[in-house]
Amino acid sequence: MEQADVTLYARFAAHLDDILTALEAEGLLAPGIDRKPVAVEPPRDPSHGDLATNAAMVLAKKAGTNPRALAELLAPRLEAMDDVVSAEIAGPGFINIRLDRDVWRDELAAIVAEGHAYGRSTLGQGQRVNVEYVSANPTGPMHMGHCRGAVVGDALASLLEHAGYAVTREYYVNDAGAQVDVLARSAYLRYLEALGRQIGEIPEGLYRTVAAMIELIKADLATLGVHHDLFASEREVQESGAVDRAFEILAEKGLVYTGTLPPPKGKPAEDWEPSELLLFRSTAFGDDQDRPIRKLDGSWTYFAADTAYHMQKLEKSDELINVWGADHTGTVKRTQAAVQALAGRPALDVKLVQMVRLLRGGELVKMSKRSGSFVTLAEVVEEVGKDVVRFTMLTRKNDAQMDFDFAKVVEASKDNPVFYVQYAHARISSLKRKAVAEVPDLPAEADLSLLDEEELGLVRLAAQFPRIVDSAALAHEPHRIAFYLGDLAAAFHALWNRGNDDPSRRFLLVHNPLLTRARLELASGIGQILANGLAIMGVAAAEEM
RNA sequence: GCGCCCGUAGCUCAGUUGGACAGAGCACGAGCCUUCUAAGCUUGGGGUCGCAGGUUCGAAUCCUGCCGGGCGCGCCA
C-alpha cells in the first residue's frame with residue numbers, strides 16, 4: 001500500500017514536541033505534562049500566518065505559569081527552525097507561524113509527485129474495522145430508502161481505507177424467520193411479474209428465494225458502485241450455534257437472567273400480559289430496559305441473533321460500525337450494550353441515516369409501499385446517474401434530513417455542488433489538454449517560484465486535504481470530504497475567473513510557456529486533490545462535461 | 001412517561017471534536033461582463049448560535065434545567 005509522507009502539520013507538530021522536550025530537559029518546563037491537547041493547525045484567518053499552535057495556552061496551567069510567559073519561551077525556538085520566517089504571539093496565547101514560501105511550493109510538488117497517494121495516511125495503523133451497511137431485508141429490489149445508507153456506508157468504508165484502516169464491507173441478510181419466507185416469496189414473484197418475465201417453476205423454499213433476491217440487490221447496488229466483501233446470513237448465524245456461544249459468555253458474566261419486563265410504554269397495550277422471559281441485562285450498559293433473548297416459544301429473538309452476529313464480527317475486527325436507517329434508533333443502545341459486554345469495551349459506533357424526501361421541481365414525489373409506487377434505486381440511478389446520486393447523498397450530515405430534488409441535482413449551475421466540483425476537475429483536465437496543444441515550448445519542469453501569493457493560497461487550501469481525510473475518518477463522517485471539495489473547487493474557480501478581467505492572470509498564456517507551465521502545475525495539484533477526494537466518495541472525476 | 005437526534009442569516013445548511021471578530025450557497029442591494037477562461041464575475045447589508053445558568057484563560061461546541069420540533073419505544077424484523 002502506498003502511503004503519503006507525513007503531513008506538513010504533523011512535521012511541525014513533531015518539531016514542537018522536540019522543543020517541549022528540550023525545555024523539560026533544561027528545567028524550564030515541568031516534566032510529564034500531557035501534550036495530547038497540543039495542536040498545530042492552519043489558522044482560521046489566513047492573515048494570521050501559515051500555522052498556529054495552541055501549545056502555550058493548553059500547557060500553561062499545568063506548567064504553573066501563564067500562557068503568555070510560556071509562549072515567549074516557545075516562540076524564539078520555533079522561529080529558529082528551518083523554513084520558519086516568524087513566530088508571533090497573538091491573542092490569548094496563540095503562536096502564529098509564518099513559513100518560507102518554498103514550503104508551499106514543495107507541498108505542491110509533493111501533491112503532484114504522490115498523485116493518488118496524497119492524502120492517504122497511517123492513522124488507522126492497520127486496525128481492522130467492519131462497516132455494516134444496507135442490510136435491507138431481501139424482500140424486493142432496492143428503493144430510495146436504502147440508497148442513502150448504501151452511499152454513506154460505502155464512502156465511509158472507503159474513507160477509512162484511505163486513512164489506513166483494514167476495512168471489511170459487510171451486509172447482514174435477515175433471512176431467518178417464517179415471515180421473511182412469506183414476504184420474500186411473494187415479493188419475488190411479484191417482481192418477476194412486474195418485469196413481464198415468465199415465472200416458470202416456482203422457486204422452492206426460502207433458500208432459493210432469498211438467494212435470488214440477494215442477486216437482485218447486488219445488481220441494484222452495483223449500479224451505484226457499491227460492493228460488499230461479505231454477505232452474512234442470519235439463518236447461518238442461528239444454525240451455527242453462535243447464539244448459544246454468545247449467551248454462554250454473557251451468562252458467565254452474570255448478564256443473563258429470567259425475569260418479567262414492565263408493560264410497553266407510549267401507547268396503551270390491550271393485549272399485553274406479563275410473562276417470564278430469558279433476558280439480557282442491557283441496563284448495565286445504559287439501556288433503559290433489559291432485552292429478551294428467547295421468545296415464549298423458545299426460539300431466539302432477533303436481538304439474540306444480532307448479538308451473536310456482532311460477536312462474529314468482533315472475532316475478525318477491532319472496531320465495528322453499523323450504518324442503519326433512523327427507524328432503528330431504538331435498537332442502538334441494546335446492540336451497543338451487547339457489544340460492550342462481549343468486547344469488554346465500547347467497540348460499536350452506529351451511524352443513523354435520516355430519511356430522504358424525493359422531490360421533483362419542488363413537488364413531493366409520493367411513495368407508498370402498499371400501492372407499490374415506490375421509486376426504486378435503479379430508476380433514480382438511471383435518471384440522474386450514479387455520480388449525482390452519490391455526491392448528493394454526501395452533502396448532508398448523515399443524521400440530518402435531506403431533500404433530493406430530481407430537477408436540482410442535475411442542474412448545471414453554481415448552486416449545485418455536484419456540478420461545481422466536477423466542473424472544476426473537468427476544467428483542469430481541459431486546461432491540461434489545451435496547454436499541450438496550444439502552448440509551444442512548454443518546459444518539462446515547472447518553476448514554482450513563479451507562483452505568486454494568491455496562487456500559493458490555493459496550495460495552502462489543497463494541503464489541508466490530508467487533515468480533512470484524517471479528521472473525517474476519526475469522526476466517521478464522509479460528508480466532510482464533500483464540503484471540503486466544494487470549498488476547494490470554489491477557490492479554484494475564483495482564481496480562474498481572475499483571468500476574465502485580467503488576461504495576464506490566465507492559466508494558459510500562449511506567449512509565456514514558463515508561467516503557463518508553473519500554473520499548469522498548480523492546476524494539476526488542485527485537480528489531483530479533487531480526484532482523490534472524489535475517489536473516496538466513489539464519484540467519477542469528469543475529464544470533460 | 002422514557003430514550004436518541006435536532007434548534008446557527010429570511011431560506012437550505014457547514015462549523016476542522018474547546019480556540020482568535022460565527023461561515024457558504026440561495027434570496028436581497030449595488031456595480032461589471034455579453035466573454036468560446038461556457039453553463040456568470042466582483043462587491044455590500046443581514047445572526048442575542050432556541051432560553052437560563054454552570055465548568056475555564058476561552059463555549060455554537062462540554063454539563064444541568066427549561067422551551068420548541070423530529071424519530072423511536074412490546075417476544076416485530
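Lettering of chains follows the sequences in order, A, B, ..., and the numbering in each one begins at 1.
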- request: Using a 4.0 Å heavy-atom cut-off across all strands, classify A/P37 as base, sugar-phosphate, or nothing.
  value: nothing

task: Kindly say if A/W324 contacts the phosphate of B/C71, meaning a side-chain N or O under 4.0 Å from OP1 or OP2.
output: no

message: For the C1' atoms, the ones on B/A60 and on B/A22, what distance do you get once it is rounded to whole angstrom?
response: 8 Å

field: Spacing of the P atoms in B/U56 and B/G50 (rounded, Å)
entry: 23 Å

- prompt: Planes under 30° and centres closer than 5.5 Å, is that true for A/H48 with the base of B/A20?
  reply: yes

task: Answer with yes or no whether the side chains of A/E236 and A/Y309 bring together a donor and an acceptor at under 3.5 Å.
output: no

message: Please report the distance, rounded to the nearest Å, between CZ in A/R357 and C1' in B/G70.
response: 12 Å

query: Closest approach of A/Y118 and A/A462, non-hydrogen atoms and distance?
result: CE2-O, 4.2 Å

field: C1' gap between B/G15 and B/C6, integer Å
entry: 16 Å

C1' gap between B/U16 and B/A77, integer Å: 39 Å

- prompt: Is the aromatic ring of A/F94 within stacking range of B/A20, meaning centres under 5.5 angstrom and planes under 30 degrees?
  reply: yes

message: Taking B/G46 as the reference, what is the distance to B/C62 when you measure between their P atoms (whole Å, please)?
response: 29 Å

query: For B/C5, does OP1 or OP2 lie under 4.0 Å from any side-chain N or O of A/K333?
result: no

Value rounded to 0.5 Å, distance of CG in A/D50 from CG in A/L8: 8.5 Å

query: Between B/U43 and B/G7, how far is it from one C1' atom to the other, in whole Å?
result: 32 Å

- prompt: Without hydrogens or angle criteria, can the side chains of A/H48 and A/N96 be said to hold a donor-acceptor pair below 3.5 Å?
  reply: no

Phosphate OP1/OP2 of B/A38: any A/N500 side-chain N/O under 4.0 Å: yes

task: If the glycosidic angle is within 90 degrees of 0 it's syn, otherwise anti, so just tell me which one B/U42 is.
output: anti

- request: Determine the Euclidean distance between corresponding C1' atoms of B/G74 and B/C11; express it in Å to zero decimal places.
  value: 41 Å

query: In whole angstroms, how far is the C1' atom of B/G70 from the CG atom of A/D399?
result: 12 Å

